[in-house]
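Throughout, a chain's letter reflects where its sequence line sits, starting with A, and its residues are numbered from 1. Computed from heavy atoms alone, side chains included, the values below leave out hydrogens, waters and symmetry copies. For clarity, every value in this text was computed on a predicted model and none was experimentally measured.
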Amino acid sequence: MYIYDSSKKTKLKFESIIPDKVTMYVCGPTVYDDAHLGHARSSLSFDMLFRTLKAIGYEVKYIRNFTDVDDKIIAKMKDIGKSLLEITEFYTQRYLNEMDALGVQRPTVSPKATESIEAMENMISSLLKKGFAYQISNGDVYFNTSKDTKYGSLSHMVNDDTISRIEAISEKKNPKDFALWKATNEFVSFDSILGKGRPGWHIECSAMIEKYTDGTAEYSIDIHGGGADLLFPHHENEAAQSRCATGHELAKYWMHNGFVQVDGEKMSKSLGNSFFLKDALNSYDGEVLRFYLTSVHYRNDFNFNEIDLLNSKKRLDRIYRLKKRVFDQTSSKPTERFVQKMLEAMTDDLNISIALSVIDSMAATANEKLDITPNDKNLKKETRANIEFISHLLGFGEKEPFEYFQIGIDEDMKAKIEELLGQRSEAKKAKDFKLADSFRDKLTSMDILIMDTANGTLWEKLT
RNA sequence: GGGGCCAUCGCCAAGUUGGUAAGGCCGUAGAUUGCAAAUCUGCUAUUCUCCAGUUCGAGUCUGGAUGGCCCCUCCA
C-alpha cells in the first residue's frame with residue numbers, strides 16, 4: 001500500500017505501526033445541518049481506503065466522530081428553539097441514512113464528543129500541568145502554540161503572524177493560540193475540574209483518539225484523515241495538543257481529500273450555495289452518486305455537474321449490463337489477474353482511475369467471450385465473481401441488475417411497459433415492423449430503452 | 001498581505017523515482033440486428049496553458065508568465 005502523506009507531501013510506502021492492524025481516524029461532521037456533497041466525498045474517500053485496507057488483509061479499526069457540541073449547534077438551538085440532543089440526534093440519523101444510501105460502510109467506532117468530555121478534561125488538565133496551556137481571566141483555557149516547537153510542521157504554515165485576518169483576542173499570548181475550553185454557563189455546559197464550560201473544537205478529536213485507541217511509544221494511530229480544509233488549523237492544532245499531552249505524535253500518516261465545487265463554484269456555508277446530499281439523492285440513485293463522486297482521485301478537486309454525472313453513469317451501466325448477462329449463475333472465483341490488477345491500482349494511493357480502466361477491460365473481455373459462447377457456465381460464474389469482487393472492493397454493482405435499470409419505475413408504469421412490449425412483439429411476429437417501431441417510439445418517449453436479445457426483449461430506464 | 005495546490009484530446013480523467021501520452025463519454029467506420037439498442041472490433045492528442053533553462057532525452061525537474069482553486073474565519 002502506498003499513501004500520499006499530506007504532511008510530508010509525498011507518496012510513502014504504508015507500514016502499519018502494528019503488523020496487520022490499522023487504526024484510522026477521520027474527522028466526521030458537526031451535526032447541526034444536513035450533509036452536503038463535501039461530506040459525501042470525504043466519507044466516500046475514506047470508505048475506499050477502509051475497504052482497500054481490509055481487502056489486502058489488514059484488520060482495520062476505523063473511527064469517525066460526530067461533533068455534537070459546538071457553537072454552531074448552540075446557534076441553531078437559539079434559532080429554532082430545540083434542545084441540543086434533539087438537533088444532534090436528528091442530523092446524526094440523517095447523516096447515517098444518507099451515507100448508507102451512498103453505500104458507505106459504517107466505521108468500526110463512531111464516538112460522540114459529548115460522551116468524551118472527561119477524556120477532554122484530562123487532556124486539558126495535563127496540558128495545563130505541563131505548561132502548554134494557560135487560563136485567561138474569564139476562565140477560558142488556551143493552548144500556547146509558542147510552547148510547541150513543532151507547531152506548524154504538519155501544515156507548513158509559517159509561524160509568523162504579522163498579518164492575519166483573525167482579530168486577536170487580547171489575552172491570547174500568540175495569535176494562533178486556540179481555545180481548549182470555553183468557560184460558560186450558557187445553554188450548554190458541563191461540570192468539570194476546569195469549572196463549568198464546554199470544550200473547544202480541536203480537543204475532541206485528540207481526546208477521543210486517546211480514549212478509543214491504544215497507541216504506541218511513537219504514534220497514537222496510523223492514519224488521520226479529513227477534508228483538505230482541515231489541515232490548518234484543525235489538524236495542526238490536534239497534532240500539537242496531542243504531542244504535548246502524550247509525548248508522542250498523533251498519526252503516522254495524514255490524508256486529506258480535495259474539495260467539491262458545484263458547476264465550477266466553491267460550495268460553502270458562508271456563500272449559501274451548499275449542495276445538500278439529500279437533494280442530490282432525490283434526483284439520483286445513491287450508487288450513481290457514489291460512482292460519480294469516487295470516479296475522480298480523492299486528492300483532486302471535484303467539480304460536480306449533471307452532465308459529467310450522466311456520463312459517468314454510463315460506465316456503471318456497463319457493469320450492470322454485464323451482470324445481467326451472467327445473472328443466472330452463482331459466482332465461482334474471480335480472475336486472479338483481475339484481482340491483482342485491481343488491488344495494485346487501489347493500493348497505489350487509491351488510484352481509482354486505473355481501477356476503473358481495469359474494470360472496463362475486464363468487462364470488454366467478458367462481453368467478447370460471452371458473445372461467442374453465451375452459455376459458458378464457467379465463464380459466467382467467473383465473471384459474476386469478478387463483479388462481486390468489484391462490489392466488495394469499491395461498493396459498485398451490488399444491486400440486482402434488473403432492478404438497477406428499473407429504479408424509479410412503479411408498478412403501473414411497469415405494467416404499461418410490459419403491455420407495449422407485448423404489442424410490439426406481436427407486431428414483430430406479424431412482420432409489421434412499422435407498427436412494431438411505433439410501439440418502440442412510444443417507449444422511447446417514456447424514457448425506456450429496449451434491446452432485443454436471444455432471451456427476449458429487455459428494457460432499461462434511461463438517465 | 002502570507003502559505004499551498006492545479007493546468008493533459010470536444011468533455012471527464014490516469015500518468016512516484018525524467019525515456020518517448022491509460023481509460024471512459026462523444027464522434028466515426030465495420031461486425032451483429034427486420035431496423036434499432038446492447039455487445040465486440042478499428043480509427044480519433046508527434047502532443048501535455050505559454051516562455052526560457054537543465055538533460056542524449058521533460059507532461060514529468062528548475063525559473064518566469066497567464067488562468068483556476070484551497071488555507072490563513074465556521075467549513076469535508
Looking at A:Trp201, I'd like to know whether one of its side-chain N or O atoms comes within less than 4.0 Å of OP1 or OP2 on B:rC75. yes
A:Lys173 to A:Tyr142 six-membered ring, cation-pi geometry met (6.0 Å, 45°): no
Quick one: is A:Lys434 getting a side-chain N or O under 4.0 Å of the B:rG34 phosphate, OP1 or OP2? no
Report the distance from atom CG of A:Leu309 to atom C1' of B:rC25, rounded to the nearest whole Å. 13 Å
To the nearest Å, how far apart are A:Phe178 CZ and B:rC71 C1'? 17 Å
Length of the line joining A:Leu462:CG and B:rA36:C1', which is rounded to integer Å: 13 Å
Find the distance A:His234:NE2 to B:rC71:C1' and express it as a whole number of Å. 15 Å
Report the residue (A:Asp360 or A:Gly258) whose heavy-atom-nearest nucleotide on RNA chain B is the more 5′ of the two. A:Asp360
Shortest non-hydrogen contact from A:Met24 to A:Phe46? CE-O, 3.7 Å
Distance between C1' atoms of B:rA38 and B:rU44 (Å, rounded): 23 Å
In whole angstrom, give me the gap between the P atoms of B:rA7 and B:rC61. 10 Å
Select base, sugar-phosphate, or nothing to describe what A:Asn303 touches, counting heavy atoms under 4.0 Å on all strands. nothing
Please report, rounded to the nearest Å, how far the P atom of B:rA37 is from the CG atom of A:Asp447. 16 Å
Mind checking if A:Asp437 touches a base, just sugar-phosphate, or nothing, with heavy atoms under 4.0 Å? base
Partner of B:rU17 by Watson-Crick or G-U wobble geometry, both contacts under 3.5 Å, or none? none
For the student: nearest non-hydrogen atoms of A:Cys205 and A:His234, plus distance: SG-NE2, 3.5 Å
Given B:rA13, B:rA37, B:rC25, which nucleotide is nearest the side-chain atoms of A:Val296? B:rA13
A:Ser42 near the nucleic acid: base, sugar-phosphate alone, or nothing, with a heavy-atom cut-off under 4.0 Å? sugar-phosphate
Pairwise P distance, B:rU62 and B:rC9 [rounded to whole Å]: 22 Å
Taking for each residue the nucleotide of RNA chain B bearing the nearest heavy atom, is the 5' side occupied by A:Ile450 or by A:Ala364? A:Ile450
Distance between C1' atoms of B:rC75 and B:rA58 (Å, rounded): 39 Å
By the 4.0 Å heavy-atom rule, please label A:Arg440 as base, sugar-phosphate, or nothing. base
Contact class for A:Phe433 vs. all strands (heavy atom < 4.0 Å): base, sugar-phosphate, or nothing? base
Does A:Phe276 have A:Lys278 sitting over its ring (NZ/CZ under 6.0 Å from centre, angle to axis within 45°)? yes
Within this structure, what is the CZ-to-P distance between A:Arg321 and B:rC40, rounded to whole angstrom? 10 Å
Nucleotide forming a Watson-Crick or wobble pair with B:rC61, both distances under 3.5 Å: B:rG53
Nucleotide paired to B:rA38 in any strand shown, Watson-Crick or G-U, under 3.5 Å: none
Between A:Lys182 and A:Asp71, is the closest basic N to carboxylate O distance under 4.0 Å? yes
Opposite nucleotide pairing with B:rG1, Watson-Crick or G-U, both atom distances under 3.5 Å: B:rC72
Considering only the P atoms, how many Å lie between B:rA76 and B:rG18, rounded to the nearest integer? 39 Å
For B:rG64 and B:rC71, measure between their C1' atoms and round to the nearest Å. 25 Å
Distance check needed: B:rU16 P versus A:Lys8 NZ, whole Å only. 21 Å
Which is true for A:Arg424 with a 4.0 Å heavy-atom rule: it touches a base, it touches only sugar-phosphate, or it touches nothing? base
Verify the contact: side-chain N or O of A:Asn367 to OP1 or OP2 of B:rC40, cut-off strictly under 4.0 Å; return yes or no. yes
With C1' as the reference atom in both, quote the distance from B:rU66 to B:rG23 in angstrom, rounded to an integer. 30 Å
Are A:Tyr32 and A:Tyr91 an aromatic pair, judged by ring center distance below 6.0 Å? no
How far, in whole Å, is B:rG68 from B:rU49 if one measures between their C1' atoms? 11 Å
Pair assignment for B:rG27, Watson-Crick or G-U wobble, requiring both distances under 3.5 Å: B:rC43
Tell me whether the side-chain N/O atoms of A:Arg315 come closer than 4.0 Å to OP1 or OP2 in B:rC26. no
Can you find a donor-acceptor pair, distance only, under 3.5 Å between A:His297 side chain and B:rA13 base? no
Six-ring centre of A:Tyr404, A:Lys399 cation under 6.0 angstrom, axis tolerance 45°: no
What are the two closest non-hydrogen atoms of A:Gln241 and A:Phe143, and how far apart are they? CA-CE1, 3.7 Å
Considering only side-chain heavy atoms of A:Phe259, which listed nucleotide, B:rA37, B:rC40, B:rC70, is closest? B:rC70
Contact class for A:Leu231 vs. all strands (heavy atom < 4.0 Å): base, sugar-phosphate, or nothing? nothing
How many whole angstroms separate atom CG of A:Leu356 from atom C1' of B:rG23? 8 Å
Among B:rA38, B:rC75, B:rG15, the one nearest any side-chain atom of A:Met451 is B:rA38
Look at all strands and tell whether A:Lys428 reaches a base, only sugar-phosphate, or nothing, counting heavy atoms closer than 4.0 Å. base
